[in-house]
Colleague: 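Mind looking over this structure? Questions follow.
Here is how names work: the chains are called A, B, and so on, in the same order as the sequence lines, proteins then strands, and each is numbered from 1.
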Amino acid sequence: MATLASSVKADVDKALSERSPTAPWAKFFLATAALLTLFTCYRFYQHATAFTYGLDFFSPEFQKYWMSLLYSELSIEVLFGVGAGLYLWATRDRNLDKIKPGEELRRYMVMMSLLLAFGVIFYIVASIYTESDAAWHQITIRDTDFTPTHIGLFYFGVPCFILASFVAFMYARTRIPQFANKLSLPFALLVAGPFMIMPNLGLNEWGHTFFYAEELFAAPIHWGFVALGWSAFAAGGLIVQVLTRVVQLTRLMSVDKAASAA
Amino acid sequence: MTAAVPNDTAVTTTAEQRRSYLQFDMLIIPLVVLLFMGIFSFHFALLVGDWDYWIDWRDRRWWPLVTPLAITVLPAVFGYLLWDKLRLPLGGTLTIFCLSLAAWISRYLNFHLLANFPMDMVFPSSYVGLGLLLDCMLLLTRSWFFTGLIGAFLVGLLIYPMNWPILAQYHVPVEMDGILMTVADVFGFEYVRTSIPEYLRIIEQSTLRTFGEAVTPLTAVFAGFINIINYWFWIWIGSLGVKAIWIRKIV
Amino acid sequence: MRFSAVLALIFLVLSVLIPSLAEAHGERAQQPALRMRTVEWFDVSVSTKQLQVNDILVVKGSFVPSNYWPEHVHSIEGASYLNIGVPGPTFVRLDSRINGTPGIRSTAFHKGELYNFEITLKARKPGKYHIHPLINVESAGPVIGPGIWVEVTGSEAQFTNTAKTLLGQTVDMEHYNFGHTVAWSALWMLIAAAWIVYWLFSRRPLIVPRFKRVSELGQDADAILTPTDRRLGLLFLIITLSVTMGGYLYANDRWPITTPLQTGKVHTPPAVQAPMPLEVTMGEARYRIPGRSFRIELTVSNKSDRPLSIGEFSAGNLRFINSKVLDIKPTDEDDLVAPDALRVEGSPIPAGETRKLVIYADDAMWETQRMTTMIASPDAVIAGMLFFYDDQGKRYYAEIGGPMIPVFG
Ligand SMILES: [Cu+2]
């Protein structure tokens with residue numbers, strides 16, 4: 001594995017030193033490091049305050065340590081989403097028909113690295129944050145819709161990956177010809193599915209309040225989330241769309257002419 | 001294709017082309033790994049969840065039936081993508097490998113560190129061999145039909161024996177307060193689950209027609225049979241998922 | 001996103017307006033009518049309030065499922081389970097008895113019957129815990145009993161817990177053969193990793209050229225597979241089947257005697273209740289919101305041969321004590337005991353007489369414990385337990401219940 005890692009690194013170094021387009025790796029790793037720090041800090045906060053101040057919604061400590069966190073994260077998310085959307089739209093490329101293949105290829109790489117950042121958040125949230133919610137509710141007594149793990153999962157984690165997929169989608173819509181001219185159905189599904197998790201919370205909380213009193217995690221009340229998670233099954237379609245175009249953009253003209261002649 | 005093939009190209013030499021290709025390897029492979037870890041964990045948590053979280057939920061009747069049905073979905077859906085578009089027989093192994101990796105991390109962080117359960121009560125089962133069965137079968141038969149018929153059947157059939165080397169030790173009998181228990185049941189009783197009372201365990205539940213010994217093999221064969229159809233269905237979903245559909249506007 | 005955030009904010013602003021005080025763990029969230037009409041808990045105690053990791057804590061008490069159990073809530077007579085309201089395995093439960101019957105399995109409890117319980121816990125993780133007995137009722141949720149603070153000191157690393165199998169082995173519950181479990185899991189992961197590495201990393205670049213080639217080949221895409229690929233396919237199939245079969249045989253050999261997971265429901269016989277020589281009916285019950293005062297009219301027939309006084313009224317785990325009869329102090333800052341909050345007009349009731357009484361349970365607890373939200377209940381019925389004492393200190397109890405009218409002015 002060590003030789004594999006070093007050979008990958010060698011490839012990265014080599015690619016970076018050349019002038020043909022590469023993905024913005026430095027920015028990507030910086031962003032990923034920042035995201036990991038954020039999610040790790042959140043996790044430490046949760047670990048430190050969930051059992052002490054997170055067990056009773058009606059205590060002042062809960063309001064102080066958890067509800068104020070909820071208000072701040074929701075406001076930051078809204079501001080970030082609106083800001084990022086407006087920025088991407090305002091700085092959109094108005095001359096997409098004149099784009100050079102090299103630039104178009106580079107933008108595909110940027111889009112894919114944005115999706116990769118989405119992947120990092122998506123994994124952390126869909127696996128670690130989701131199951132921390134499972135573990136938490138199985139050992140405590142639910143007394144509010146805003147439990148410490150819900151504040152982490154539904155009002156921090158899920159909005160984070162919704163924002164990440166939205167940013168990648170908006171980037172493609174405003175900067176990549178194919179995605180600007182037409183709407184990619186698989187990409188739209190990939191963004192819409194996670195987004196619908198938020199409204200589906202209505203079903204979840206209503207169900208937990210009125211007709212399902214148990215904490216079985218694989219319960220029918222949670223299957224709405226599963227179905228929305230399945231929207232990610234459209235990822236294949238998006239990858240095919242990207243690969244098809246990348247093949248076109250990276251043809252070697254001479255080889256291609258020979259092929260079409262044959 | 002909707003976009004016209006460009007007259008120009010972004011690369012001029014084979015070296016440049018290779019470099020671009022490598023860039024996309026480095027972007028796409030980690031992306032699918034992360035997506036598999038995320039989607040599969042989410043899907044599995046909400047469909048199998050407690051049967052895999054707790055050692056005292058892995059019974060002979062429900063766990064080996066629910067699990068293959070849920071665990072075959074991603075191998076089929078993404079197996080279609082990886083095989084049909086790339087001829088890689090990896091759909092089973094890679095997706096289940098990602099699931100297992102994510103599961104070990106999550107059990108340690110959430111069920112052990114956060115919720116305080118000992119790891120020997122909440123570790124994930126071993127499923128990755130099931131993915132190998134599907135992938136090898138696909139590579140050897142090169143047919144969705146036969147992979148379903150044989151591979152998916154084996155997935156349902158073998159989930160129990162594949163885990164028996166780990167599970168058997170938890171089924172050793174114990175006497176507690178004059179009641180017969182297994183080691184797994186002792187875990188469930190002693191390590192308090194405040195909101196998972198005993199009656200919530202969906203396990204065993206027999207009828208008078210359940211003839212003692214036949215529970216495990218019967219479930220295995222039934223799970224295998226259902227899983228054939230399950231696999232075919234999700235292959236079809238996978239074939240829809242890879243469609244590169246462009247539309248004019250959001251309807 | 002914006003829309004749901006705004007909705008969430010509106011919800012939050014509303015919920016913050018609800019007054020809040022003191023500590024509790026979920027019990028204050030339930031509707032007061034539910035808390036009063038589900039289970040009447042009493043005499044709940046812990047054997048010690050200060051202990052070390054590995055020390056034993058016995059939680060004892062009694063409960064009577066309410067005769068006024070709401071029709072719209074799944075009944076405790078279905079499936080229920082006596083549990084302990086600590087956050088997860090901060091303690092392990094060594095033993096649990098209800099009227100002497102082991103509380104390992106789920107059971108059912110019957111309305112109006114008496115159950116005495118005793119739960120033996122062993123401290124596992126240091127911390128300060130509010131220990132509540134708790135009954136999980138199927139499809140209804142947890143019914144939470146009174147809480148008592150307990151502090152555990154020491155080191156979690158020192159914790160030990162063992163079990164003895166019927167075959168005579170001693171099992172370390174904290175790390176039971178865990179090396180073996182990890183080794184098996186790792187073996188499978190390594191086999192899978194070999195397969196993944198072969199396909200993903202033995203040819204580079206992989207994705208774009210392979211996608212291109214497969215698209216070009218179309219129907220003949222299988223041609224891209226090499227003989228080595230196929231041979232490896234067969235090899236890995238054989239490895240997978242062999243490890244599965246081998247592992248199965250090995251496990252059968254190493255653990256020849258196993259039993260299936262044990263489950264099922266047991267019958268827990270109710271305790272024999274001493275005869276209660278009294279009859280109580282509830283008349284008008286009015287709760288005056290500004291005064292935090294409950295006024296209840298009662299008709300009591302004393303059929304015993306001694307005078308009876310009312311010493312305590314308990315409702316939804318709040319205990320209102322008549323200080324003229326009883327001297328009870330809260331055991332800690334969150335013990336819901338109001339030592340001088342019950343006023344009784346017309347007590348004591350002489351032997352053999354039937355009398356009309358009025359009791360007043362006045363305390364801020366009604367509000368701090370969010371019991372005042374009972375006026376928002378869709379089924380304004382309350383219930384509670386009255387404890388009577390004769391002149392020799394002998395205790396009798398009777399449950400009362402019925403409609404409640406709020407008084408707003
Ligand atoms: Cu409490």
Colleague: Per the ring pair (Phe, Tyr, Trp, His ring centres under 6.0 Å) rule, what does the pair list look like for residues 88-114 of chain B, sequence neighbours excluded?
Modeller: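 For residues 88-114 of chain B, and leaving out neighbouring residues, the ring pair (Phe, Tyr, Trp, His ring centres under 6.0 Å) pairs sorted by first residue read Tyr53(B)-Phe111(B), Trp54(B)-Phe111(B), Tyr108(B)-His112(B).
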
Colleague: What are the two closest heavy atoms between Ala126(A) and Ser41(B), and how far apart are they?
Modeller: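 Where Ala126(A) meets Ser41(B) most closely, the heavy atoms are O-CB, 4.2 Å.
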
Colleague: For the residue pair Asn116(B) and Ile139(A), establish whether any side-chain heavy-atom pair is separated by less than 4.5 Å.
Modeller: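 No. Closest side-chain heavy atoms not under 4.5 Å.
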
Colleague: Let me know if Tyr21(B) has heavy atoms under 4.5 Å from chain A in its side chain, its backbone, both or neither.
Modeller: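 Just its side chain gets close to chain A.
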
Colleague: Gln23(B) versus Leu105(A): any side-chain heavy-atom pair under 4.5 Å?
Modeller: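 The answer is no, as the side chains (C-beta and beyond) never meet within the 4.5 Å cut-off.
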
Colleague: To the nearest 0.5 angstrom, please state how far the CG atom of Leu252(A) sits from the CD atom of Glu16(B).
Modeller: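 Between atom CG of Leu252(A) and atom CD of Glu16(B) there are 9.0 Å.
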
Colleague: For Gln46(A), give me all partners under side-chain hydrogen bond (donor to acceptor under 3.5 Å, both in side chains), at least two apart in sequence or on another chain.
Modeller: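 Gln46(A): no side-chain hydrogen bond (donor to acceptor under 3.5 Å, both in side chains) contacts found.
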
Colleague: Indicate the atoms forming the closest heavy-atom contact of Phe217(A) with Asp50(B), along with that distance.
Modeller: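 That would be N-OD1, 2.7 Å.
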
Colleague: With rounding to the nearest 0.5 Å, note down the distance linking NE2 in His137(A) to OG1 in Thr194(B).
Modeller: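 Answer for the NE2-OG1 pair, His137(A) versus Thr194(B), is 12.0 Å.
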
Colleague: Considering only heavy atoms, which portion of Ala232(A) lies under 4.5 Å from any heavy atom of chain B: side chain, backbone, both, or neither?
Modeller: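 Both parts, heavy atoms under 4.5 Å.
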
Colleague: Checking Arg201(B) now: which residues fulfil side-chain hydrogen bond (donor to acceptor under 3.5 Å, both in side chains) with it, not counting sequence neighbours?
Modeller: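 side-chain hydrogen bond (donor to acceptor under 3.5 Å, both in side chains) check on Arg201(B) returns Asp185(B), Glu198(B).
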
Colleague: Only heavy atoms, only distances under 4.5 angstrom. Which residues in residues 73-83 of chain B are near chain A?
Modeller: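 From residues 73-83 of chain B, the residues near chain A are Val73(B), Leu74(B), Val77(B), Phe78(B), Leu81(B).
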
Colleague: Do you know which of Leu200(B), Val48(B), Leu240(B) has the most heavy-atom pairs under 4.5 Å to chain A?
Modeller: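 The residue among Leu200(B), Val48(B), Leu240(B) with the greatest pair count is Leu200(B).
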
Colleague: Could you tell me whether the side chain of Leu47(B) reaches within less than 4.5 Å of the side chain of Trp223(A), counting heavy atoms only?
Modeller: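 When only atoms from C-beta onward are counted, Leu47(B) and Trp223(A) do touch, with a gap below 4.5 Å.
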
Colleague: Between Glu131(A) and Ser106(B), is any side-chain donor less than 3.5 angstrom from a side-chain acceptor?
Modeller: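 Note: Glu131(A) and Ser106(B) side chains meet the donor-acceptor criterion.
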
Colleague: Any idea which heavy atoms bring Thr250(A) and Val11(B) closest together, and the distance?
Modeller: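 Where Thr250(A) meets Val11(B) most closely, the heavy atoms are O-CG2, 3.3 Å.
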
Colleague: Give, as side chain, backbone, both or neither, the part of Leu115(A) having an atom under 4.5 angstrom from any heavy atom of chain B.
Modeller: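 When you check distances to chain B, atoms from both the backbone and side chain of Leu115(A) fall under 4.5 Å.
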
Colleague: So, for Ile197(A) and Phe42(B), which heavy atoms are closest and what is the spacing to 0.1 Å?
Modeller: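 Between these two residues, the closest heavy atoms are CD1-CZ, 4.5 Å.
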
Colleague: Given heavy-atom pairs under 4.5 angstrom as the criterion, report whether the side chain, backbone, both or neither of Leu99(B) touches chain A.
Modeller: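 Interface part for Leu99(B): neither.
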
Colleague: If I compare all heavy atoms of Phe118(A) with all of Leu35(B), which pair ends up nearest, and what's the gap?
Modeller: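 The pair with the smallest heavy-atom distance is CE2-CD2, 4.0 Å.
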
Colleague: Please look at Leu114(B) and chain A and tell me whether the side chain, the backbone, both or neither of the residue comes under 4.5 angstrom of a heavy atom of that chain.
Modeller: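 Looking at Leu114(B), backbone and side chain both touch chain A.
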
Colleague: Is chain B contacted by the side chain of Arg106(A), its backbone, both, or neither, given a heavy-atom distance below 4.5 Å?
Modeller: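 When you check distances to chain B, no heavy atom of Arg106(A) falls under 4.5 Å.
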
Colleague: Quick one: are Leu27(B) and Phe28(A) in side-chain contact, heavy atoms under 4.5 Å?
Modeller: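 They are not in contact (no side-chain heavy atoms under 4.5 Å apart), so the answer is no.
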
Colleague: What part of Lys243(B) gets within 4.5 angstrom of chain A, counting heavy atoms only: side chain, backbone, both, or neither?
Modeller: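 Interface part for Lys243(B): backbone (N, CA, C, O).
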
Colleague: Which answer fits Tyr191(B), side chain, backbone, both or neither, if we ask what part of it has an atom under 4.5 Å from a heavy atom of chain A?
Modeller: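 Neither the backbone nor the side chain of Tyr191(B) comes within 4.5 Å of chain A.
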
Colleague: Could you tell me which of Phe161(A), Tyr108(A), Phe179(A) has the largest number of non-hydrogen atom pairs under 4.5 Å with chain B?
Modeller: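 The option with the most such pairs is Phe179(A).
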
Colleague: Of the backbone (N, CA, C, O) and the side chain (C-beta and beyond), which part of Phe117(B) lies under 4.5 Å from a heavy atom of chain A, both, or neither?
Modeller: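 Side chain only.
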
Colleague: Can you tell which part of Val33(B) gets under 4.5 Å to a heavy atom of chain A, answering side chain, backbone, both or neither?
Modeller: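 Nothing of Val33(B), per the 4.5 Å heavy-atom cut-off to chain A.
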
Colleague: Tell me, do Met37(B) and Phe122(A) make a side-chain contact under 4.5 Å, heavy atoms counted?
Modeller: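 They are not in side-chain contact.
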
Colleague: Taking all non-hydrogen atoms of both residues, which atom of Ala244(B) and which atom of Val240(A) are closest, and how far apart?
Modeller: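 Where Ala244(B) meets Val240(A) most closely, the heavy atoms are CB-CG1, 4.0 Å.
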
Colleague: If you round to the nearest 0.5 Å, how far is NZ of Lys85(B) from CD1 of Ile239(A)?
Modeller: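 Here the interatomic distance stands at 12.0 Å.
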
Colleague: Roughly how far, to the nearest 0.5 Å, is the CG atom of Leu109(B) from the NE2 atom of His47(A)?
Modeller: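 Output value for this atom pair is 9.5 Å.
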
Colleague: Using 30° and 60° as the class limits, which term best fits the ring planes of Trp230(A) and Trp234(B): parallel, tilted or perpendicular?
Modeller: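 Perpendicular: the ring planes of Trp230(A) and Trp234(B) meet at over 60°.
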
Colleague: Measure the CD1-CD distance between Ile196(B) and Glu215(A) for me, rounded to the nearest 0.5 Å.
Modeller: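 Here the interatomic distance stands at 7.0 Å.
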
Colleague: Which region of Val246(A), side chain (C-beta onward) or backbone (N, CA, C, O), has a non-hydrogen atom less than 4.5 Å from a non-hydrogen atom of chain B, or is it both or neither?
Modeller: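 For Val246(A), the contact with chain B is made by the side chain alone.
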
